[in-house]
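Counting convention: from 1, in listed order, for ligands and their atoms alike.
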Amino acid sequence: MAKILVTGGAGYIGSHTCVELLNSGHEVVVLDNLSNSSEESLTRVKALTSKYLDFVEGDILDQQILDQIFAAHAVDAVIHFAGLKAVGESQQIPLAYFDNNIAGTISLAKAMERAGVFRLVFSSSATVYDEANISPLNEGMPTGMPSNNYGYTKLIAEQLLQKLAAADARWSIALLRYFNPVGAHKSGCMGEDPQGIPNNLMPYVTQVAVGRREKLAIFGNDYDTPDGTGVRDYIHVVDLANAHLCALNNRLKNSGCRAWNIGTGKGSSVLEVVKTFEQVNGIPVSYAFSPRREGDVATSFADNARAVAELGWQPKYSLEDMLADSWNWQKRNPNGYRK
Ligand code: NAD
Ligand code: UD1
């Protein structure tokens with residue numbers, strides 16, 4: 001069993017990963033500045049697992065806090081979720097994104113090097129692939145220039161980590177390229193809790209269903225897809241969390257830097273998501289078609305064969321499970337983690 005530092009562990013994917021880590025017997029230290037989360041998620045992690053975790057409120061850009069954590073804990077590996085993720089905001093305040101996502105990753109790697117900790121699992125995104133690639137996307141395909149600053153920070157962080165591992169054989173780094181994480185813990189106690197108006201499809205759908213928003217705008221119905229709406233590879237957050245445990249095990253045994261797609265390999269259209277949500281949960285979702293959103297591609301889904309073969313990982317949950325679990329979380333917690 002290992003001791004894992006989880007940066008951004010109070011966030012959506014991080015908190016679900018903490019549950020899986022603790023349930024597998026690992027020890028967990030979370031570093032989070034709570035800029036997009038609340039400590040309540042960690043309270044729920046502890047309640048669900050009946051296990052203890054250490055929480056440090058602080059910033060990955062703070063070298064002193066990082067040094068203190070590595071001095072106080074014999075950390076074996078780091079899972080690095082901390083970062084900013086709102087695409088629209090990244091166009092308005094690019095420096096905040098460069099700072100948190102690029103400088104933050106460098107800051108963390110410097111502290112790891114000082115502490116002699118060289119195993120890292122990094123949250124990357126399918127957005128790093130060149131838009132000209134045709135799905136299913138595999139890791140051998142070229143990366144491109146993402147259409148927004150958020151995506152750009154993920155690409156740069158990936159490249160920096162690749163160069164770091166190439167220059168120093170002590171490093172062992174996993175780049176996990178997530179497709180579209182959705183869903184929530186089966187208990188309904190934990191889930192996605194976006195602040196303000198959701199940018200992403202799933203929280204928007206559940207907020208319409210619960211009556212917090214009037215209508216979903218479906219961005220485009222004239223794409224070259226079976227029903228004209230955008231196709232994505234939705235992946236259950238618990239399957240995604242488990243991919244981190246598999247990547248961790250792989251990194252404890254190997255060196256270098258390697259990318260893995262984390263998706264189901266199955267594309268679903270926006271209309272399919274809406275219709276399946278209505279069917280599975282027995283609740284209507286009003287929607288209207290609106291123009292395409294800038295920067296969206298028609299279709300994006302994964303070839304996940306590398307992760308299945310090399311990490312021994314297998315997604316277990318269907319789209320129906322994802323939609324049932326997202327709704328279970330939303331209806332039990334209409335205001336997310338806020339009371
Ligand atoms: P999230 O916002 O819920 O979690 C990120 C956490 O990091 C938050 O708790 C936030 O408070 C914390 N944080 C941000 N900046 C920090 C800093 N400088 N120091 C310390 N803590 C900081 O987001 P998430 O959906 O859980 O995403 C986790 C990671 O996965 C992010 O790096 C994100 O870019 C990446 N990712 C997410 C998606 C997605 O659709 N959710 C897709 C691809 C990649
Ligand atoms: C978006 C980001 C991507 C980021 C990912 C996770 C863009 C262009 N891409 O991916 O960089 O890594 O989120 O944060 O923003 N949709 C609607 N109505 C809505 C919301 C979405 O129709 O209100 C549609 C979209 O057009 C798309 C699908 O739903 O076809 C999924 O959208 P979303 O959840 O935002 O994810 P991505 O666009 O794949």
Side-chain angles (χ1 to χ4, degrees), residues 6-17 30-39 41-42 56-62 65-66 79-88 90-91 96-97 99-101 103-105 107-108 122-128 131 146-154 157 176-182 191-195 197-205 207-208 213 215-221 223 225 229-235 237 240-241 244 262 267-271 273-274 287-301:
V6 182
T7 74
Y12 172 46
I13 306 168
S15 57
H16 286 81
T17 303
V30 166
L31 172 64
D32 198 303
N33 65 5
L34 303 181
S35 60
N36 195 39
S37 54
S38 76
E39 210 181 327
S41 63
L42 297 176
V56 179
E57 184 174 347
D59 203 293
I60 50 168
L61 285 156
D62 185 337
I65 283 192
L66 286 166
I79 307 183
H80 177 33
F81 294 104
L84 302 179
K85 63 164 185 177
V87 169
S90 77
Q91 299 302 97
Y97 278 71
D99 218 18
N100 276 276
N101 296 5
T105 300
S107 166
L108 175 67
F122 174 67
S123 299
S124 188
S125 166
T127 195
V128 300
E131 284 179 11
S147 61
N148 59 74
N149 292 322
Y150 162 73
Y152 179 69
T153 64
K154 289 291 169 190
L176 299 189
R177 294 178 176 164
Y178 310 161
F179 279 68
N180 291 60
V182 298
E192 188 171 12
D193 184 21
Q195 294 175 6
I197 302 171
N199 301 300
N200 297 116
L201 178 64
M202 190 49 51
Y204 211 105
V205 167
Q207 289 192 11
V208 170
R213 319 244 160 232
K215 202 174 266 195
L216 170 75
I218 296 187
F219 299 143
N221 61 346
Y223 283 110
T225 60
T229 65
V231 168
R232 297 290 184 275
D233 186 337
Y234 297 94
I235 169 92
V237 67
L240 176 56
H244 292 77
I262 308 297
S268 306
S269 74
V270 178
L271 269 179
V273 168
V274 171
Y287 65 84
F289 293 116
S290 73
R292 293 179 179 194
R293 179 173 66 180
E294 204 185 316
D296 275 356
V297 294
T299 301
S300 167
F301 62 93

(request) Could you tell me whether Q195 atom CD has more than 12 heavy atoms of other residues or ligands within 6.0 Å of it? (result)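 Atom CD in Q195 is crowded, with more than 12 foreign heavy atoms closer than 6.0 Å.
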
(message) Within the supplied structure, the quantity of interest is the number of heavy atoms (other residues, nucleotides, ligands) at a distance under 6.0 Å from Y178 OH; does it exceed 12?
(response)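 Atom OH in Y178 is crowded, with more than 12 foreign heavy atoms closer than 6.0 Å.
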
Using only atom types and a distance under 3.5 Å, with no angle test, would you say the side chain of [X] pairs donor to acceptor with the backbone of [Y]?
X    : Y    : value
T299 : V231 : no
S15  : G9   : no
K154 : A126 : no
Y97  : G151 : no

(request) Sort out the contact shell of ligand 2: every protein residue with a heavy-atom distance below 4.0 Å, listed by chain and number. (result)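 The 4.0 Å shell around ligand 2 contains V87, S125, T127, Y150, N180, N199, N200, L201, L216, A217, I218, F219, G230, R232, Y234, V270, R293, G295, D296.
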
(message) Going by the rule salt bridge (Lys or Arg N to Asp or Glu O under 4.0 Å), which residues pair with D193 if we only count those two or more places apart in sequence or in a different chain?
(response)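 For D193 the salt bridge (Lys or Arg N to Asp or Glu O under 4.0 Å) partners, ignoring immediate neighbours, are R338.
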
(request) Could you list the residues that satisfy side-chain contact (heavy atoms from CB on, under 4.5 Å) with V237, not counting sequence neighbours? (result)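 With sequence neighbours excluded, V237 shows a side-chain contact (heavy atoms from CB on, under 4.5 Å) to Y12, I13, H16, given in chain and number order.
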
(request) With the side chain counted from C-beta on, respond yes when R232 and F179 share a heavy-atom pair under 4.5 Å apart, and no when they do not. (result)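 R232 does not reach F179 side chain to side chain.
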
(request) With a 4.0 angstrom cut-off on heavy atoms, strictly below it, pick out the residues next to ligand 1 and order them by chain and number. (result)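 Residue list for ligand 1: G8, A10, G11, Y12, I13, D32, N33, L34, S35, N36, S37, G58, D59, I60, F81, A82, G83, K85, N100, S123, S124, S125, Y150, K154, Y178, P181.
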
